[in-house]
Novice: 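This is the structure, below, for whatever I ask next.
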Amino acid sequence: MMDVATLEIAPGQHATGGIDAAALKHGISRAADALFAMQRPDGHFVFELEADCTIPAEYILFVHFLGETPNLELEAKLCNYLRRIQGEHGGWPLFHDGAFNMSASVKAYFALKMAGDAIDSPHMTRAREAILQHGGASESNVFTRALLALYRQVPWRAVPVMPVEIMLLPRWFPFHLDKISYWARTTLVPLMALMALRPKPVNQRGVGIPELFVVPPEKVRKWPSGQHAKEPWKTVFAGLDSVLRVAEPLFPKRTRKAAIDEAVAFCNERLNGEDGLGAIFPPMLNLVLMYDALGVPANDPNRAAARTALERLLVVHGDEAYCQPCFSPIWDSGLAANALLELGGEEAERRAAQCCDWLKPKQILDVRGDWAAQRPNLRPGGWAFQYENAYYPDVDDTAVVVMAMDRLTRGQTPAGGAQYGESIARAREWIEGMQSKNGGWGAFDAENEHYYLNNIPFADHGALLDPPTEDVSARCVSMLAQLGATGTPAVQRGIAYLRETQRHDGSWFGRWGMNYIYGTWSVLCALNAAGIHPQSWEIRRAVAWLLAIQNPDGGWGEDGDSYKLDYVGYEPAPSTASQTAWAVLGLMAAGECDHPAVERGITYLVETQSGDGFWNEPRFTATGFPRVFYLRYHGYSKFFPLWALARYRNLKTGNTRQVQFGI
């Protein structure tokens, strides 16, 4: 492998276009040193993963629901965090500088009041006024109303009926756990048991939030539903909910007990030790509450492990603390390894090898997870997102890890590292087997496209499913193409899917990153890797879109409003380092390394680099669930800008302008 990290350019020489070569080299060097310092001793990377106020707020309320003795120092720090991120509108947003969100605001207010904040204090007054101006707490979403029902703040009729007897339904039934996404599955199973058991909160402080309702909750006759719901499904499912509300109290006790037992068995089988059920916060929390409602003692091994899993998600910085939704070590490590390989040089490659060596044994080869319901004859072979989550690997993480391992192997570097041939082969087999019939890939499941289920009253978030998406599909095509499989049916079907899903303006949707910039970068990388000519119509349209949305400062930006249901086209947002990196990486994949827009983007990254070698990025650039839950990956502003700068340098100083890898 050419040691591009040591390429020298004579003083005053601008092989990198109009960008000062010395400034570029210095910026790359500082970012590389800063990233090196973040690598863990065993070789992996993991960065903080921050969501909105709802996770720390729910943690506070959870402690008081159970009647645990709160850690007052921790609680005070969580409250400091909640107060700091309160919006200028008085409430709490779903992402940095975002609009008022009712559910987030209700949870944050409730948590702060539970922790002892006086309701007549300025920040609480502002929050309460904002909540009432937007219709009051009865306008909260279903999951928030379920929390309020558990806390006896709203009647249970405020929550759509989800009988735990769903656990006993056959697979052919229109609603079955196999038909919904992994995150919905793991969250709903313990929650359905809770809804059946309806435990009483301890709530030793006796805190409630009646002041947040315009109409007393017991007098509310119509609770809100999802804006995305469509007719006739909306009316059909609303009628079914009414029937179930009358019928549920009549269900036989023996059947109910069998269903609860089945829910417990489901959770225990997927308990995942101290990494938690589903390895994400909502199922973990619901699971502990379910165990408590069933009378499982706190020292029971399963309950203790589930409780510890929640504690591990806490992050404390000085006088603030928050709770992460999950850990992201596989994703962070895979992406960081790819960035290091782009950086090049003996030290970077040595570190990439350490990272891949750490990743290799994390591959899931012996557990047939929930995905096997749709692919019963497929061997396991993927990686999960978190440290451990054997039942729920995903193709996106798997593709990123494989591309790093393949690139490292190709380089035949003296840096050492394990051989990855068998790991790559098993991962390729699994990803090809997970392709859906339409040619695309969902993240965790195949054929998860029962769209009618997004219209049930409980799914007001519109995120019950895990259908194929453009960004995930692009990553799978990129991986297969990098492995030399461009002529295979899987890649050709994947390319056809990507062509079919291109928007009228030339962009592609980004399900897991924000948003069309992320999706467009992902697809341009895939099309380049698959050998699609850079002058092809689909690539030219995508390039034109990226060029048209560049900000005056040279960067690119997009926020969570781009997921709104009435989205018609790009709306300007402040530039961020990670989104700028995606845009220039996408343009370079499309053969536009020499375009002035790329130079301006690189200049933006060089000029906005912070003193610590990284980039300051308070804005959210990733997505958990569109319109409902957004994420700030603290690692994105650490490795994506470095990746973009290194690739620009490599293309400008190398003997080709074509990107040679899938990502």
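By convention here, the first residue in the shown sequence is residue 1. Keep in mind that the numbers below use all heavy atoms, side chains included, and drop hydrogens, waters and symmetry copies. Please read these numbers as outputs of a predicted model, since none were measured by experiment.
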Novice: Would you mind checking if Arg270 and Asp370 are paired as a salt bridge, meaning a charged N to carboxylate O distance below 4.0 Å?
Specialist: yes
Novice: Between Phe625 and Trp183, what is the ring plane arrangement, given parallel below 30°, perpendicular above 60°, and tilted in between?
Specialist: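 Because their plane-to-plane angle lies in the 30° to 60° range, the rings of Phe625 and Trp183 count as tilted.
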Novice: Hey, is the main chain of Ala184 close enough, under 3.5 Å, to the side chain of Ser181 for a donor-acceptor pair?
Specialist: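 Here the side-chain-to-backbone pair exists.
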Novice: Does Glu346 pair with Arg350 as a salt bridge, N-O distance under 4.0 Å?
Specialist: no
Novice: Between Phe620 and Tyr630, does the ring centroid distance fall short of 6.0 Å?
Specialist: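 Here the rings of Tyr630 and Phe620 have centres that are no less than 6.0 Å from each other.
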Novice: Could you measure the distance from the CE atom of Met284 to the OH atom of Tyr59? Nearest 0.5 Å is fine.
Specialist: 13.0 Å
Novice: Determine the minimum heavy-atom distance between Leu343 and Ala646, stating which atoms define it.
Specialist: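 Closest pair (atom of Leu343, atom of Ala646, distance): CA-CB, 3.9 Å.
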Novice: Evaluate Trp371 against Phe444 for ring pair (Phe, Tyr, Trp, His ring centres under 6.0 Å), listing each step before the verdict.
Specialist: CA-CA 7 Å; Trp371 54 267; Phe444 299 89; over 10 Å; no
Novice: For residues Glu470 and Ser473, is any side-chain donor paired with an opposing acceptor at under 3.5 Å?
Specialist: no
Novice: Short question: side chain of Ser637, backbone of Ala577 - any donor-acceptor pair under 3.5 Å?
Specialist: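 Side chain of Ser637 to backbone of Ala577, a donor-acceptor pair under 3.5 Å: no, none is there.
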Novice: Are Lys437 and Glu449 ion-paired here, with the side-chain N under 4.0 Å from a carboxylate O?
Specialist: no
Novice: Given 3.5 Å as the limit, does a donor-acceptor pair link the side chain of Gln374 with the main chain of Glu447, or not?
Specialist: no
Novice: Please answer whether the main-chain N or O of Ser436 pairs with a side-chain N or O of Arg493 as donor and acceptor at a distance below 3.5 Å.
Specialist: yes
Novice: Name the one of Val400, Ile424, Asp357 that satisfies side-chain contact (heavy atoms from CB on, under 4.5 Å) with Met405?
Specialist: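 Result: among Val400, Ile424, Asp357, Ile424 is the only option passing the side-chain contact (heavy atoms from CB on, under 4.5 Å) with Met405.
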Novice: I'd like to know if Arg410 and Asp406 make a salt bridge, using a cut-off of under 4.0 Å between side-chain N and carboxylate O.
Specialist: yes
Novice: Over all heavy atoms of both residues, which pair between Tyr636 and Ala622 is shortest? Give the atoms and the distance, please.
Specialist: CE2-CB, 4.2 Å
Novice: Please name the pair of heavy atoms, one in Ser478 and one in Gly662, separated by the smallest distance, quoted to 0.1 Å.
Specialist: OG-O, 2.8 Å
Novice: For Phe47, does its backbone N or O pair with a side-chain atom of Asp332 as donor and acceptor, under 3.5 Å?
Specialist: yes
Novice: Please name the pair of heavy atoms, one in Pro534 and one in Ala590, separated by the smallest distance, quoted to 0.1 Å.
Specialist: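 So the two residues come closest at CB-O, 3.4 Å.
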Novice: Is the backbone N or O of Val472 less than 3.5 Å from a side-chain atom of Asp396, with the two atoms forming a donor-acceptor pair by type?
Specialist: no
Novice: Do the side chains of Asp275 and Arg312 get close enough for a salt bridge, i.e. N-O under 4.0 angstrom?
Specialist: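 The answer is yes: the pair qualifies as a salt bridge.
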Novice: Please determine if Arg185 and Asp445 form a salt bridge, counting it only when a charged side-chain N lies under 4.0 Å from a carboxylate O.
Specialist: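 Yes, Arg185 and Asp445 are salt-bridged.
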Novice: Would a distance-only check, ignoring hydrogens and angles, find a side-chain to backbone donor-acceptor pair under 3.5 Å from Glu558 to Asn515?
Specialist: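 Side chain of Glu558 to backbone of Asn515, a donor-acceptor pair under 3.5 Å: yes, one is there.
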Novice: Flag the pair His44 / Tyr387 as yes when their ring centroid distance falls below 6.0 Å, and as no otherwise.
Specialist: yes
Novice: Please report the shortest heavy-atom distance between Leu285 and Glu58, naming the atom on each side.
Specialist: CD1-O, 3.9 Å
Novice: Aromatic contact between Phe640 and Trp615, with the criterion being ring centroids under 6.0 Å apart: yes or no?
Specialist: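 Not under 6.0 Å, so no.
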Novice: State, to 0.1 Å, how close Glu349 and Leu408 come at their nearest heavy-atom pair, and which atoms those are.
Specialist: O-CD1, 4.0 Å
Novice: Hey, does the side chain of Arg426 reach the backbone of Pro380 with a donor-acceptor pair shorter than 3.5 angstrom?
Specialist: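 Judged by distance alone, yes, a pair lies under 3.5 Å.
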Novice: Centroid separation under 6.0 Å, is that true for the rings of Trp508 and Trp521?
Specialist: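 That pair fails the under 6.0 Å test.
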Novice: Verify, without hydrogens or angle tests, whether Lys362 (side chain) and Gln386 (backbone) share a donor-acceptor contact under 3.5 angstrom.
Specialist: no
Novice: Please check: side-chain N/O of Thr621 versus main-chain N/O of Met514, any donor-acceptor pairing under 3.5 Å?
Specialist: no
Novice: Assess whether side chain to side chain donor-acceptor pair (under 3.5 Å) is satisfied between Glu48 and His317, documenting all intermediate values.
Specialist: CA-CA 11 Å; Glu48 290 178 35; His317 291 301; 2.5 Å; yes
Novice: Restricting to pairs with a member in residues 623-644, which pass salt bridge (charged side-chain N to carboxylate O under 4.0 Å, His left out), not counting sequence neighbours?
Specialist: Glu50-Arg632
